[in-house]
Amino acid sequence: MSSGDRNARGARNTPTVWGNIPPRSPNFTGREELLDQLHRRLLVEKATAVLPHALHGMGGVGKSLLAVEYLYRKMTEYDVVWWISAERTAQISLSLVELAPRLGLTRGSDASSTVAAVLEALRIGKPYSNWLLVFDNAESPKAVQQFFPPGGHGNILITSRNPQWASAAKPLEVDVFRREESKQLLRLRGPEISDEDADRLAEALGDLPLAIEQVATWHAETGMLVDEYLRLLDEKRVDLLRGTAALDNQHPVIAAWNISLDQLETKNPAAYQLLQVCSFYAPEPIARALFARMPRGSIAPELDAALEDPIRLGQVIREICRYSLARFNHRNSSLQMHRLVQAALLYRMTEEDRATMRRGAHLLLAANDPNDPNDVNRWDRYGSLYPHVVVSEAVRSQESWVRNLVVNEVIYLLRWGDYTSGRELARTAYDMWSETLGRDHPQTLLVARWLGFLLFTMGSYQEAADLNASVLDAYRRTMGHDAQDTIDALGNVAIDHRVRGDFAESLTLTESVHQQYLRMLGPDDPETLRAAHNLGVSLRLAGDFARARDVDEMTWNSYVNMYGQDHVDTLRTWLGFILDIRELGEYSNALLYHQEIVERSAFLLGGDNPLTLSAFRHLATAQRLVGRHELALRTAEQTRDVLMRRYGPENPETQAAALELTVDLRQCGHVDRALTDGIEVWNQFTRLYGHEHPHTLTAAGSLANTYRVRGDAAAAQHICRAALRHLTTRLGDDHLSSLACRSSLASCHHDLGEPDVALELDTDAYQRAQRMYGDDHPHVLAHAVNVAVDLRSVGRSQESDQLRDRTVERFKRRLGSRHPAIRSAADLDRMVIDYTPMPL
């Protein structure tokens with residue numbers, strides 16, 4: 001290919017977004033027909049918007065190099081070209097998160113929300129519709145396809161060794177070089193090589209591109225005669241065939257590299273040892289900075305000396321690259337080895353060598369641990385370490401510092417939002433350490449606690465509860481009941497009680513944890529504040545909103561003083577405080593706060609961040625409570641749709657948003673859809689929590705309200721009776737959820753022509769609500785209106801009018817004269833009281 005072809009460009013020099021593309025090979029040769037086929041498939045023959053095209057073949061045939069060359073030749077035809085290392089889903093997520101700001105998107109604090117936003121932006125083509133994503137070394141179609149934008153006008157290119165991609169994408173088979181291509185590459189680096197010698201070399205190496213490039217580099221560096229090289233190659237191939245490694249058709253390239261490795265081992269032991277260490281890492285970029293921090297312990301004398309001296313380290317890396325044993329990317333200052341070089345190195349090592357160098361790989365990783373996975377500024381570092389932690393099997397390390405890195409990676413994945421990868425790493429570590437260290441070892445228990453929290457986050461409630469209970473038992477046996485780790489574990493068990501609907505027991509445990517931290521650490525320690533936040537959660541679930549407000553306000557102020565207003569912990573507790581004042585009837589103030597926290601959270605964390613979405617969901621409730629029903633419906637529908645896309649229909653947050661949407665649909669007159677959706681929501685709550693969980697019973701009460709408004713009071717009555725019986729058993733008669741359900745049952749009796757029964761039930765609910773929340777709480781006033789309706793229905797019109805008039809005036813003072821409830825109260829329309837379940 002001529003230099004003119006290489007430099008041909010259109011109207012612009014590069015795409016608007018050009019990211020993570022590996023350096024172009026200066027020795028790329030041939031492949032013109034394949035490049036033309038690829039171009040036609042990607043641009044000419046694309047019958048649908050995002051139809052993947054796959055490159056696959058055996059190792060060493062140059063799949064990735066072909067893709068890279070195509071990108072550099074055709075870059076001007078795309079607005080966005082983005083390269084993604086696709087062996088692990090965590091790396092795909094990280095790469096798409098890096099793409100977000102290049103598309104003008106706010107980078108959120110967790111991976112899932114940001115990835116969802118990127119895929120949606122690509123789908124709709126804003127700001128760029130002509131894009132190309134390259135998924136390099138994509139192993140599993142099932143794992144990778146979830147990251148394909150579902151539509152749009154862009155293209156996807158995959159390189160893979162897995163032939164299963166042929167069923168998911170149009171395959172382009174990449175084979176070895178044609179003989180002329182092999183000879184062309186050999187003569188490009190060594191013009192003095194005769195045609196006959198080039199043919200002999202190509203024959204011996206099976207025309208495998210990676211092997212051809214290696215021998216071309218070797219010949220250019222050493223000037224060794226072809227006959228001598230072929231003799232050495234034969235010796236190395238015999239050695240390989242005598243071995244036990246299943247190298248199959250990769251023998252030629254392994255043998256070629258062994259010649260270079262022999263020379264490097266003799267000439268520069270430090271460079272050879274660095275390669276040995278790197279052979280245990282992932283075949284993905286290894287940041288040069290990884291070698292800049294001294295490990296906690298010796299690896300090998302020569303390598304130790306090079307790691308201590310930046311100049312010597314630079315010489316070592318240059319020597320490695322000189323023999324094409326790895327590529328150094330100056331743009332991102334990283335070293336990358338082909339997996340077959342790693343295979344050659346691993347094959348050459350004795351078991352003792354492997355143990356030594358694997359330990360060295362682990363020690364270097366641990367030396368690079370920022371040791372603060374909760375700091376968003378450290379997440380890039382953890383993201384770059386993660387694939388090497390996994391591939392090097394750091395979970396097997398006997399070094400405490402390395403195991404600490406594994407735990408920190410788990411925490412990073414949780415905070416970043418890659419729950420699946422976090423759970424897999426945590427579970428692998430827990431199983432391994434349980435066997436090697438024992439189930440009661442402190443680090444085994446530590447990773448178990450994080451595994452339990454990941455399981456809870458993902459909705460695997462029973463598995464989380466079983467694990468949390470075993471961890472608490474182990475801490476009590478080994479450290480005693482008053483140790484801080486034991487108290488932490490008790491807090492996790494308290495969460496499990498919430499999931500089971502045992503709100504009273506959860507409150508008891510949460511209060512105990514908070515009191516113990518107060519005694520041990522004082523009121524302003526971060527652990528005490530975390531326990532105080534959890535206490536607020538338990539108080540809200542138990543219905544004690546006044547005390548929850550006091551606890552949350554104090555905790556929130558402490559967080560502001562400690563971290564500032566924009567810290568995630570501050571925002572989370574502030575949201576709890578807003579819920580407290582809302583449930584205490586301060587609807588207008590709560591709405592203002594809800595609007596503010598949504599804006600602040602979206603700005604800081606991203607619009608699809610879980611905390612932002614939670615605040616947005618509660619904003620819909622606040623909008624409904626102040627009477628802005630159409631706005632509430634739009635907010636609820638938007639929130640439900642985003643959560644559905646991110647988490648699916650079974651996720652607890654999705655279900656909570658769907659429940660709010662059914663209420664808003666009913667309020668806006670869409671009763672049939674509210675009923676259909678309400679039945680599905682009730683079934684989903686039942687599947688997740690069980691029939692008698694307070695959240696399920698609250699969903700049942702909301703469904704009953706919809707049945708009654710639709711005209712089926714008998715069905716509503718049947719649901720309400722069962723729900724009320726279980727709610728009073730679980731939460732007591734005075735909980736807002738119980739009172740709302742009692743009101744719904746009274747309304748059913750009224751509609752069925754039983755006003756005396758309705759009056760008895762409504763009066764009881766009204767008096768209980770008054771005792772709990774005072775005369776002016778909006779729920780209390782709604783109960784009062786229903787009592788007035790019942791009084792009129794039984795012929796006590798004067799009492800009804802007096803109660804109505806008092807209630808209307810109180811409604812005006814509390815909610816303002818324009819609230820829709822004012823007219824309903826004045827007209828003596830029965831009030832529908834809906835209770836919103838509090839977050840677990």
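Being a predicted model, the structure only gives us computed values, none of them experimental.
V789 and L828 make their closest contact through CG2-O, 3.3 Å (heavy atoms, listed as atom of the first residue, atom of the second, distance). Closest approach of S744 to C720, counting heavy atoms only: CB-SG, 3.6 Å. For the residue pair L781 and D776, the shortest heavy atom distance occurs at CD1-O, 3.8 Å.
For R823 and D829, the salt-bridge test fails: no basic side-chain N is under 4.0 Å from an acidic carboxylate O. Taking 4.0 Å as the cut-off between side-chain N and carboxylate O, R666 and D834 count as a salt-bridged pair. Using a 4.0 Å cut-off between charged nitrogen and carboxylate oxygen, D801 and R804 count as a salt-bridge pair. Under 4.0 Å is where a charged nitrogen must lie from a carboxylate oxygen, and between R768 and D764 at least one such pair does. For the pair R810 and D805, the salt-bridge criterion is not met [side-chain N within less than 4.0 Å of a carboxylate O]. Under 4.0 Å is where a charged nitrogen must lie from a carboxylate oxygen, and between E596 and R600 at least one such pair does. Salt bridge E505/R500: absent, no basic N to carboxylate O contact under 4.0 Å. A salt bridge links D733 with R742: the distance from a Lys NZ or Arg NE/NH1/NH2 to an Asp or Glu carboxylate oxygen falls below 4.0 Å. Taking the charged nitrogens against the carboxylate oxygens, R673 and E680 have no contact shorter than 4.0 Å, which rules out a salt bridge.
Note: S737 OG to L727 CG = 4.5 Å, rounded to the nearest 0.5 Å. In this structure, R549 CZ and D580 CG are separated by 8.0 Å, a value rounded to the nearest 0.5 Å. Taking CG of L745 as the reference point, atom NE2 of H750 lies at 13.5 Å (rounded to 0.5 Å). Rounded to the nearest 0.5 angstrom, D790 CG and E754 CD are separated by 12.0 Å. To the nearest 0.5 Å, atoms CZ (R530) and CG (D488) are separated by 5.0 Å. I833 CD1 to L736 CG: the interatomic distance, rounded to the nearest 0.5 Å, is 9.5 Å.
Ring planes of W574 and Y593: perpendicular class, angle over 60° (limits at 30 and 60°). Taking the six-membered ring where the residue is Trp, F453 and W450 present perpendicular rings, their angle passing 60° and hence far from 30°. In this structure, F503 and H693 have perpendicular ring planes: the angle between them is above 60°, well past the 30° mark. Ring geometry for Y773 against H777 counts as tilted: the plane angle lies between 30° and 60°, on a 0 to 90° scale.
Applying the 6.0 Å contact sphere to CG of D482 captures no more than 12 heavy atoms from other residues, nucleotides or ligands. Heavy atoms of other residues, nucleotides or ligands lying less than 6.0 angstrom from CD of E760 number 12 at most. The environment of R628 atom CZ is sparse: at most 12 non-hydrogen atoms of other residues, nucleotides or ligands sit within 6.0 angstrom. By the 6.0 Å contact criterion, CZ on R771 is enclosed, its count of non-hydrogen atoms from other residues, nucleotides or ligands being greater than 12.
R792 places no side-chain N or O within donor-acceptor distance of the main-chain N or O of S797, the cut-off being under 3.5 Å. One N or O on the side chain of T728 and one on the backbone of R725 form a donor-acceptor pair closer than 3.5 Å. Judged by distance alone, with hydrogens and angles left aside, the side-chain atoms of N651 form a donor-acceptor pair with the main-chain N or O of E653 at under 3.5 Å. In this structure a side-chain-to-backbone donor-acceptor pair under 3.5 Å is present from N786 to M831. Looking only at distances, no side-chain donor or acceptor of R423 sits under 3.5 Å from a matching main-chain atom of M458. A donor-acceptor pair under 3.5 Å is formed between the side chain of S800 and the backbone N or O of A788. With S512 contributing its side chain and T508 its backbone, the two residues share no donor-acceptor pair below 3.5 Å. Although no hydrogens or angles enter the test, the distance criterion places a donor-acceptor pair under 3.5 Å between the side chain of T639 and the main chain of T635. A donor-acceptor contact shorter than 3.5 Å is absent between the side chain of T528 and the backbone of D524. Side-chain atoms of T696 come within 3.5 Å of backbone N or O of G690 as a donor-acceptor pair.
Looking at L535 and L539, their side chains come closer than 4.5 Å, going by heavy atoms from C-beta outward. The closest side-chain heavy-atom distance from P839 to L579 is below 4.5 Å. In this structure, the side chains of D677 and L665 come closer than 4.5 Å at one or more pairs of heavy atoms. Under the 4.5 Å side-chain criterion, counting only non-hydrogen atoms from C-beta, Y766 is in contact with L803. Contact check for L752 versus H749: no side-chain heavy atoms found under the 4.5 Å cut-off. Counting heavy atoms from C-beta outward, V785 and S824 have side chains that stay 4.5 Å or more apart. Using a 4.5 Å heavy-atom cutoff, the side chains of Q623 and L619 are in contact. Side-chain contact between R498 and N534 is present, with heavy atoms from C-beta onward closer than 4.5 Å.
Between Y835 and H735, the ring centre distance stays below 6.0 Å.
Among residues two or more places apart in sequence or in another chain, the side chain to side chain donor-acceptor pair (under 3.5 Å) test is passed with T729 by none. With sequence neighbours excluded, no residue satisfies side chain to side chain donor-acceptor pair (under 3.5 Å) with Y587.
Screening T698, L659, L703, L697 for a side-chain contact (heavy atoms from CB on, under 4.5 Å) involving W682 leaves a single residue, L703. Just one residue in the list E660, E630, Q667 forms a side chain to side chain donor-acceptor pair (under 3.5 Å) with R624, and that residue is E660. Considering T686, T662, T676 in turn, T662 is the only one that fulfils the side-chain contact (heavy atoms from CB on, under 4.5 Å) rule with V681.
With no hydrogens or angles considered, no side-chain donor-acceptor pair links T486 and H481 at under 3.5 Å.
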* To do: Test R830 against S747 for side-chain hydrogen bond (donor to acceptor under 3.5 Å, both in side chains), laying out the working first.
  => CA-CA 7 Å; R830 288 199 70 87; S747 295; 2.9 Å; yes

* Are R547 and D544 close enough, and set up right, to give a salt bridge (Lys or Arg N to Asp or Glu O under 4.0 Å), and what steps lead you there? -> CA-CA 6 Å; R547 186 166 170 231; D544 193 347; 5.2 Å; no

* To do: Let me see the working for R540 and D552 under salt bridge (Lys or Arg N to Asp or Glu O under 4.0 Å), right down to the final yes or no.
  => CA-CA 10 Å; R540 269 192 303 281; D552 285 334; 2.6 Å; yes

